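To start, the structure under review is shown below, and the notes come after it.
Worth saying up front: this structure is predicted, and the values here are computed from it rather than measured.
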Amino acid sequence: MCQTTLAQRAIRIFVCALVTAFSIWGAMAMWYQLPAPLPARVAIIAVWCALGVYVFYRSWPFRSTRVLAARFSWLAYAAIAGMLLTWWSTLTPSHERVWADDVAQLLQSDVNDNKVVLHNVRNFDWRSETDYTPRWETRHYDLNRLENADLFLSYWMGPAIAHTLVSFGFDDGQRVVFSLEIRKEQHESFSAIGGFFRQYEQVIIAADERDIIRVRSNIRNEDVYIYRLNLSPDQLKTLFLVYLADAQALLHKPKFYNSLTSNCTTIVYDVARHIAPGLPVDYRLAFSGYFARYAYDHGGLVNGHGFEDLREAGRIHSRALAAGDDTMFSKAIRRGVPGIAPSESD
């Protein structure tokens with residue numbers, strides 16, 4: 001009898017935990033995705049949460065309860081949860097929305113041996129976050145002239161969270177930055193929580209540094225750091241082409257952005273594993289503000305310097321503000337950065 005009671009309590013504890021977690025998830029999913037006016041959405045969420053509370057009450061293991069009533073509540077909850085999951089499975093990503101200007105175009109590429117043509121390279125002239133001149137350009141690159149890459153981290157929400165970008169440099173002075181970003185609609189703004197609930201599609205942006213770095217450092221006043229990556233010519237080429245392949249895949253099949261599993265840092269990790277398959281999964285992939293230290297610990301940053309020295313020298317804030325919209329912005333922000341040749345910063 002005692003063993004049966006303990007087993008029943010264990011089942012009820014499990015049910016209570018499951019109902020709590022799923023009720024919270026369901027409420028958030030409906031808040032961000034339910035296609036209903038706000039009052040109706042709030043009412044539906046309230047009913048859903050009330051059902052969860054009732055099931056929790058009937059399942060609470062440390063009180064006597066009618067077994068039949070508890071089981072009936074479980075069945076009712078399971079049926080509605082099944083309908084919720086069925087609805088959730090119908091949400092699919094799309095390219096056909098009214099996109100914000102800065103993510104309106106999808107990167108396309110033509111690769112012919114070592115010759116690359118990129119279509120829809122972003123080169124906006126930013127005066128403020130709402131005042132800008134849109135420009136989408138076609139640019140030509142020779143992968144035989146690809147000679148370096150830099151990791152940028154742009155901090156916008158404390159030390160643990162940063163946006164991650166990779167900039168590729170060519171010996172003719174050209175640079176192009178790749179960044180996986182949310183593809184927000186015109187009425188939307190970024191929400192880290194919304195990113196868990198299919199609120200945004202994802203997009204890979206290729207951009208000029210005077211656009212994508214300067215808008216973060218000078219316009220949004222984010223704290224931006226640059227680190228020279230420790231990569232061979234073959235590794236540079238591999239990384240560049242993997243970014244293009246990922247962009248082409250998105251072009252043909254849209255995907256949802258996910259704040260944890262499919263974001264600006266996880267793409268850098270996935271790309272890096274093409275040249276270092278043994279890279280371990282680490283908490284710093286979720287807490288992207290620490291990703292530079294992760295790269296340093298695994299030999300991904302320039303050799304011969306301590307991490308704190310690289311971090312201090314890599315902070316571009318004052319240099320970026322001084323450069324403004326100067327055409328030499330890319331050189332100005334690299335002055336004094338370890339591993340970067342004087343010819344790249346003078």
Side-chain angles (χ1 to χ4, degrees), residues 99-109 116 118-126 129 132 134-137 139 141 146 148-157 161-169 174-184 188-190 192 195 200-220 222-229 236 239-251 254-272 285 288-289 291-292 295 300 314 316 320 329-330 333:
W99 303 110
D101 291 340
D102 59 332
V103 291
Q105 303 298 327
L106 291 171
L107 175 63
Q108 300 180 49
S109 60
V116 174
L118 298 187
H119 306 278
N120 298 326
V121 177
R122 203 180 78 192
N123 188 21
F124 281 29
D125 182 14
W126 296 91
E129 287 203 69
Y132 49 82
R135 283 196 298 263
W136 297 93
E137 301 174 349
R139 295 191 176 185
Y141 303 94
L146 181 59
N148 57 63
D150 296 320
L151 173 69
F152 282 90
L153 265 67
S154 184
Y155 292 80
W156 54 275
M157 196 175 71
I161 303 297
H163 187 74
T164 310
L165 313 92
V166 176
S167 176
F168 291 88
Q174 290 194 90
R175 301 205 70 91
V176 62
V177 184
F178 292 110
S179 171
L180 185 140
E181 306 195 357
I182 64 165
R183 198 176 191 200
K184 60 184 182 295
E188 291 180 324
S189 58
F190 178 72
Y200 314 106
E201 279 79 2
Q202 59 179 263
V203 62
I204 293 177
I205 295 292
D208 191 284
E209 284 188 351
R210 290 177 65 249
D211 171 339
I212 203 165
I213 303 300
R214 192 172 68 88
V215 71
R216 293 179 176 276
S217 61
N218 295 32
I219 305 299
R220 300 176 188 167
E222 297 178 9
D223 201 13
V224 183
Y225 292 77
I226 180 175
Y227 303 90
R228 175 53 51 94
L229 292 171
L236 287 169
L239 291 184
F240 193 95
L241 291 175
V242 170
Y243 267 110
L244 298 190
D246 286 350
Q248 287 295 107
L250 280 179
L251 180 66
K255 294 181 180 179
F256 283 119
Y257 178 93
N258 184 283
S259 295
L260 181 63
T261 62
S262 182
N263 58 47
C264 62
T265 303
T266 58
I267 189 176
V268 176
Y269 170 75
D270 291 340
V271 169
L285 300 175
S288 51
F291 183 72
I316 73 167
F329 178 85
S330 291
I333 62 176

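- With contacts defined as side-chain heavy-atom distances shorter than 4.5 Å, the pair T266/T261 does not qualify.
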* Working for ring pair (Phe, Tyr, Trp, His ring centres under 6.0 Å), residues Y225 and Y155 -> CA-CA 8 Å; Y225 292 77; Y155 292 80; 5.6 Å; yes

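- Between L107 and L118 there is a side-chain heavy-atom pair separated by less than 4.5 Å.
- Remark: R139 engages D208 in a salt bridge, criterion side-chain N to carboxylate O under 4.0 Å.
- A distance of 9.5 Å separates CG of L251 from CG of N120, quoted to the nearest 0.5 Å.
- Here the closest non-hydrogen pair linking V121 and A207 is CG1-CA, 4.0 Å.
- One finds the CG atom of L285 at 6.0 Å from the OH atom of Y269 (value rounded to the nearest 0.5 Å).
- I212 places none of its side-chain heavy atoms less than 4.5 Å from the side chain of F152.
- Within the cation-pi definition used here (under 6.0 Å to the ring centroid, within 45° of the axis), R216 does not qualify as a partner of W156.
- The aromatic rings of F190 and Y200 lie parallel to each other, with less than 30° between the two planes, well short of the 60° mark.
- Side-chain atoms of N218 come within 3.5 Å of backbone atoms of A320 as a donor-acceptor pair (strictly under, hydrogens ignored).
- Contact annotation: the side chain of E201 never approaches that of Y257 to less than 4.5 Å [non-hydrogen atoms, C-beta and beyond].
- A side-chain donor from one of N148 and R175 sits under 3.5 Å from a side-chain acceptor of the other.
- Using a 4.5 Å cut-off on side-chain heavy atoms (C-beta onward), R214 and I333 make no contact.
- Looking only at side-chain heavy atoms (C-beta outward), R135 and R122 stay at 4.5 Å or farther from each other.
- Not one N or O on the side chain of T265 forms a donor-acceptor pair closer than 3.5 Å with the backbone of T164.
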* When you look at V166 and V268, which way does the side chain to side chain contact (heavy atoms under 4.5 Å, CB included) test go after all the steps? -> CA-CA 8 Å; V166 176; V268 176; 4.1 Å; yes

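- Across A162 and S288, no two heavy atoms sit closer than the pair O-OG, 2.7 Å.
- The structure places CD1 of I267 at 7.0 Å from CD of Q202, a figure rounded to the nearest 0.5 Å.
- When atom types are taken as modelled, the side chain of D211 and the backbone of F124 share a donor-acceptor pair closer than 3.5 angstrom.
- Expressed to the nearest 0.5 Å, how far CD of E209 lies from CG of D150 amounts to 7.0 Å.
- Heavy atoms only, all atoms of each residue included: F178 and A206 are closest at CE2-CB, 3.8 Å.
- With rounding to the nearest 0.5 Å, the separation of NZ in K255 from CD1 in I204 is 8.5 Å.
- D246 places no side-chain N or O within donor-acceptor distance of the main-chain N or O of Y243, the cut-off being under 3.5 Å.
- A donor-acceptor distance shorter than 3.5 angstrom exists from the side chain of S217 to the backbone of I213, with no hydrogens or angles considered.
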* Are W99 and V203 close enough, and set up right, to give a side chain to side chain contact (heavy atoms under 4.5 Å, CB included), and what steps lead you there? -> CA-CA 11 Å; W99 303 110; V203 62; over 6 Å; no

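- Side-chain contact between Y141 and L146 is absent, with no heavy-atom pair separated by less than 4.5 Å.
- Using modelled atom types, one finds no donor on one side chain facing an acceptor on the other under 3.5 Å when comparing D102 with Y132.
- A distance of 11.0 Å separates CD of E222 from CE of M157, quoted to the nearest 0.5 Å.
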